[in-house]
There are 4 protein chains.
Amino acid sequence: MAANPARAGTGVDKRRLILDAAIHVFARKGFHSCRVSDVADEAGVAYGLVYHYFQSKEEILDTLFSERWQLMIDAIVAIDARDDVAARDKLYMVASFIVDSYRHEPDLMKVIIVEVTRAANTFGRRHLPKIREAYELIGKIVDDARGEGAFKSDISGEFAAMFFYGAIEQLLSAWIFDLVPQTDEEFERAKSLVVEAICSGLEAEPAEGLSAVSG
Amino acid sequence: MAANPARAGTGVDKRRLILDAAIHVFARKGFHSCRVSDVADEAGVAYGLVYHYFQSKEEILDTLFSERWQLMIDAIVAIDARDDVAARDKLYMVASFIVDSYRHEPDLMKVIIVEVTRAANTFGRRHLPKIREAYELIGKIVDDARGEGAFKSDISGEFAAMFFYGAIEQLLSAWIFDLVPQTDEEFERAKSLVVEAICSGLEAEPAEGLSAVSG
Amino acid sequence: MAANPARAGTGVDKRRLILDAAIHVFARKGFHSCRVSDVADEAGVAYGLVYHYFQSKEEILDTLFSERWQLMIDAIVAIDARDDVAARDKLYMVASFIVDSYRHEPDLMKVIIVEVTRAANTFGRRHLPKIREAYELIGKIVDDARGEGAFKSDISGEFAAMFFYGAIEQLLSAWIFDLVPQTDEEFERAKSLVVEAICSGLEAEPAEGLSAVSG
Amino acid sequence: MAANPARAGTGVDKRRLILDAAIHVFARKGFHSCRVSDVADEAGVAYGLVYHYFQSKEEILDTLFSERWQLMIDAIVAIDARDDVAARDKLYMVASFIVDSYRHEPDLMKVIIVEVTRAANTFGRRHLPKIREAYELIGKIVDDARGEGAFKSDISGEFAAMFFYGAIEQLLSAWIFDLVPQTDEEFERAKSLVVEAICSGLEAEPAEGLSAVSG
DNA sequence: TATGAATGAGCGTTCATTCAT
DNA sequence: CATGAATGAACGCTCATTCAT
């Protein structure tokens with residue numbers, strides 16, 4: 001009875017303990033390089049208990065991914081549902097949600113990206129339908145904006161979503177591997193930049209009066 | 001002795017045979033899921049010969065990556081060296097080189113992306129410096145354009161390169177996992193779209209006569 | 001307290017429930033291949049309750065065997081005690097008891113034979129004394145008949161019991177593994193045949209008047 | 001090249017070494033109770049070599065059984081082919097072959113009987129077709145004799161084979177578990193007795209002159 | 001060069017048993 | 001009596017690597 005829901009009061013939820021331990025162990029050593037005993041040790045539980053709650057080591061990772069990814073899908077759906085927000089701002093909110101997810105739970109996001117999302121030939125393969133669901137929601141935001149004339153019509157939502165998500169994932173990867181600094185300012189700046197880059201592009205708009213000269 | 005230069009006359013270069021076999025085996029089964037014997041079998045050579053030419057299974061992957069990645073770096077350097085080409089066109093040429101690499105050797109590119117570039121916590125880690133070298137070359141193209149006023153100054157070359165490369169890698173991933181069709185037309189269209197999206201952005205430019213109104 | 005005697009009134013005897021469940025689970029999946037939880041599930045009781053009534057998984061099997069085997073020993077003793085019955089008929093009654101045991105409780109007999117009697121290097125080892133007791137009772141029937149001249153004196157009761165019991169066990173094995181049909185007629189016929197074969201032999205007796213000719 | 005055929009001269013056949021070690025380890029500790037490392041240790045080879053020659057622990061047992069059982073089938077076929085031998089003598093020769101097999105390689109026969117033939121719900125299941133082949137050959141000997149009038153017609157070859165083989169297996173079991181003495185004399189006597197019991201039966205023939213009275 | 005037999009550390013998983021409630 | 005979470009030893013199998021020939 002106490003297995004799934006957090007047990008009230010007296011004791012800890014060992015299942016949650018194992019999941020949380022797995023986040024840190026997977027992030028630190030990598031899914032394949034760590035042993036189940038590493039997870040059990042980190043959680044402070046007996047080896048066998050891991051298999052009491054999970055069918056396999058893989059199921060732990062699956063669970064971590066599914067829990068988190070669903071949150072993101074829900075968030076994107078909620079963002080898309082708002083009709084008082086421009087497409088560009090919706091994309092900003094999506095970027096913001098993802099970046100903040102990393103900011104608050106970097107290990108979990110590292111695991112999800114490194115071990116699932118970017119490991120498309122192993123775990124990613126299994127979760128591709130769920131992963132695509134997110135892409136499609138982003139694509140829908142773009143396509144709706146195209147319908148309204150706010151976005152160009154020659155870049156389909158599908159491609160736009162790929163570029164947008166690809167850019168963000170690369171950003172997170174850069175943080176994950178410490179290639180760029182991770183400060184609150186950087187996080188905020190990155191959100192704006194990725195949306196700016198994807199929505200407005202890198203090219204400078206010609207200065208009003210000089211456009212004729214440059215052309 | 002015959003390892004590096006193609007041996008004249010007598011026979012095939014077994015080392016090359018092993019590398020080519022590895023490309024297909026790694027692409028088909030994944031680096032971690034395949035055994036050294038799979039590579040030897042595919043190459044039609046004896047098990048032990050693999051260890052005559054390579055120190056370890058990892059060295060094979062390292063070699064495949066290094067060979068190919070260097071070609072790309074050389075290509076970007078050459079592209080960047082041309083001073084008769086606009087930044088946007090340079091980026092197009094880079095995108096073109098990468099897409100064509102995939103078009104001509106999809107298995108090799110799949111291996112490099114799936115097993116190295118996107119596996120940043122295992123092999124990617126080891127090759128990060130080399131990977132960054134490419135990012136930096138792309139970043140330099142952007143920064144030079146910023147200096148000339150062709151590109152916006154608020155998106156650094158570093159970030160721009162991340163977005164650009166991230167978008168392309170996502171594109172390749174979609175092909176690799178068969179999420180989008182792979183025809184010559186699609187390849188060509190994708191090159192244009194990724195450059196269009198990154199350089200000009202998704203947003204529609206306001207219609208000529210209405211710009212004053214909307215501004 | 002309620003373990004041994006059937007508890008009056010209130011509820012079912014959980015201990016019996018577990019034993020009966022074990023019969024079917026052991027028969028279906030085999031003793032070694034099933035888990036204690038399988039037995040608990042089949043019985044509809046909690047995992048831990050099995051260990052409340054039994055020291056170990058093995059004790060369940062021991063109990064099943066001992067209960068049943070004692071019934072057989074008692075039956076053979078009763079059969080042997082009758083002095084109005086010929087040796088051949090006593091053997092028939094023994095064969096009949098065993099065959100009927102299988103007819104009425106095939107799963108239980110399957111477990112006893114497959115997991116105990118024929119598993120002489122594991123459980124059989126532990127129960128060898130009890131198993132031999134049955135052999136010896138059969139042997140005694142034969143030896144008594146030898147003393148009276150009804151049976152040949154050159155085949156000891158010990159060997160005769162081995163052959164007799166071996167033949168019956170092989171018969172049951174054939175039923176257990178569905179090698180021969182299991183109908184009431186077949187069961188009755190088998191009883192007769194095994195006694196006929198062991199007591200009279202396979203060889204045809206020469207026809208009365210023709211014996212001189214054939215000799 | 002040297003794996004399957006015995007290597008000439010210089011070295012030992014490690015595969016054979018493993019099989020022979022397995023015979024003794026399986027006989028001593030039982031198939032399920034022994035570890036693969038026990039076999040490797042007994043053979044004096046590295047753990048992994050066992051898996052170089054065999055797919056699994058089970059395959060070792062399968063191999064041992066198949067090798068030996070085929071020899072027996074071949075022997076029974078050869079015995080049956082002789083047309084100068086009476087059915088009773090053919091059965092004697094079969095009993096003799098089996099008993100001598102045990103006499104010369106008791107461990108191997110123990111393994112085959114205890115772990116395969118009498119373990120019908122695990123390994124026996126897999127080998128049932130091969131096991132039945134032997135039964136059928138014995139049954140054929142009986143049926144042929146019935147056709148010629150030498151054996152009774154009311155006991156089918158199928159049942160007769162069951163009784164005959166069951167009696168012999170019980171005999172071997174008794175030796176295997178040291179319930180009866182194992183001397184050359186005993187082995188020879190047992191061969192005769194089992195054939196005598198099955199062919200002529202246990203019952204004493206009535207004395208010449210008294211048959212009319214008793215009948 | 002070339003072969004493939006030989007090595008052995010490592011790990012995921014199972015499951016009988018215990019015990020706190 | 002009854003529950004089922006918690007324990008942890010045990011083991012089959014994999015496979016990268018070595019090495020004798």
Side-chain angles (χ1 to χ4, degrees), chain A residues 1-3 7 10-11 13-15 18 32-40 43-59, chain B residues 1-3 7 10-11 14-15 32-41 45-60, chain C residues 1-3 7 10-11 14-15 32-41 45-60, chain D residues 1-3 7 10-11 13-15 18 32-40 43-59:
Chain A
M1 183 196 290
R7 200 157 47 177
T10 75
D13 181 348
K14 297 281 179 80
R15 192 185 122 97
I18 291 167
H32 285 104
S33 306
C34 82
R35 292 169 291 174
V36 174
S37 68
D38 293 332
V39 175
V45 302
Y47 196 107
L49 197 62
V50 175
Y51 285 91
H52 180 74
Y53 288 111
F54 302 94
Q55 297 276 338
S56 67
K57 185 183 169 188
E58 300 204 345
E59 202 193 81
Chain B
M1 182 196 292
R7 196 158 50 174
T10 75
K14 296 280 180 79
R15 190 184 124 97
H32 284 104
S33 306
C34 82
R35 294 170 290 181
V36 173
S37 69
D38 293 332
V39 175
D41 289 349
V45 303
Y47 200 109
L49 197 62
V50 174
Y51 283 89
H52 179 75
Y53 286 111
F54 302 94
Q55 296 281 334
S56 68
K57 185 184 169 188
E58 301 205 344
E59 201 192 81
I60 302 174
Chain C
M1 183 197 293
R7 197 160 49 179
T10 76
K14 296 280 180 80
R15 192 185 121 97
H32 284 104
S33 306
C34 81
R35 293 169 291 180
V36 173
S37 69
D38 292 332
V39 175
D41 289 349
V45 302
Y47 199 108
L49 198 61
V50 174
Y51 283 89
H52 179 74
Y53 287 111
F54 301 94
Q55 297 280 337
S56 69
K57 185 184 170 189
E58 300 205 344
E59 202 194 79
I60 303 175
Chain D
M1 184 197 290
R7 199 155 48 177
T10 75
D13 180 348
K14 295 281 178 80
R15 192 185 122 97
I18 291 167
H32 285 104
S33 306
C34 82
R35 293 170 290 177
V36 174
S37 67
D38 292 332
V39 175
V45 301
Y47 194 104
L49 197 62
V50 174
Y51 286 90
H52 180 74
Y53 287 111
F54 302 94
Q55 298 276 338
S56 67
K57 187 184 169 188
E58 300 204 346
E59 203 192 80

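Per chain, numbering begins at 1; letters A, B, ... match sequence-line order.
Spacing between atom NE2 of B:His32 and atom C1' of F:dA16 amounts to 12 Å, rounded to whole angstrom units. In this structure, A:Gln55 atom CD and E:dC15 atom C1' are separated by 14 Å, rounded to whole Å. In this structure, D:Glu59 atom CD and F:dC13 atom C1' are separated by 13 Å, rounded to whole Å. The separation between D:Arg15 atom CZ and E:dA6 atom C1' is 16 Å, rounded to whole Å. Remark: C1' of F:dA10 and CG of D:Asp38 are 12 Å apart, rounded to the nearest angstrom. The distance from atom CG of B:Asp41 to atom P of F:dA16 is 12 Å, rounded to the nearest whole Å.
Between D:Gly48 and B:Leu49, the one whose closest nucleotide on DNA chain E sits nearer the 5' end is B:Leu49. Place B:Glu58 and A:Ala46 on DNA chain F by their nearest nucleotides, and A:Ala46 ends up nearer the 5' end. Comparing D:Ser37 and B:Ser37 by the nucleotide of DNA chain F whose heavy atom lies nearest to each, the residue mapping closer to the 5' end is D:Ser37.
The side chain of B:Tyr47 sits closest to E:dG4 out of F:dG4, E:dA2, E:dG4. Of the candidate nucleotides E:dT7, E:dT3, E:dA16, E:dT7 has the atom lying nearest to any side-chain atom of D:Val45. The side chain of B:Tyr51 lies closest to F:dT17 when the candidates are F:dT17, E:dT17, E:dG12. Listed nucleotides: F:dT3, F:dG12, F:dT17. Nearest to the side chain of D:Arg35: F:dG12. With F:dA2, E:dA16, F:dT17 as the choices, the nucleotide that has an atom nearest any side-chain atom of B:Val36 turns out to be F:dT17.
Among the protein residues, B:Ser56 comes within range of the sugar-phosphate backbone only, with heavy atoms under 4.0 Å from sugar or phosphate atoms but none that close to a base.
The side chain of A:His52 contributes an N or O atom lying less than 4.0 Å from OP1 or OP2 of F:dA5. In this model, the phosphate group of F:dC1 is not approached by any side-chain N or O of C:Lys14 to a distance below 4.0 Å at OP1 or OP2. For the pair C:Lys57 and E:dC15, the criterion of a side-chain N or O lying under 4.0 Å from OP1 or OP2 is not met.
The shortest distance between side-chain heavy atoms of A:Phe54 and A:Arg15 falls below 4.5 Å. Between A:Tyr51 and A:Val36, some side-chain heavy-atom pair lies under the 4.5 Å cut-off.
Here the side chain of B:Lys14 pairs no donor or acceptor atom with the backbone of B:Val50 at under 3.5 angstrom.
Pairing of E:dA20, defined by two Watson-Crick or G-U wobble distances under 3.5 Å, is identified with F:dT3. Remark: F:dC11 base-pairs with E:dG12. Criterion, Watson-Crick or G-U wobble with two distances under 3.5 Å.
Between D:His32 and D:Lys57 the shortest heavy-atom distance is O-NZ, 3.9 Å.
Between the CZ atom of B:Arg35 and the CG atom of B:Asp41 there is a distance of 8.5 Å, given to the nearest 0.5 Å.
E:dT1 and F:dT21 have their C1' atoms separated by 13 Å, with the value rounded to a whole Å.
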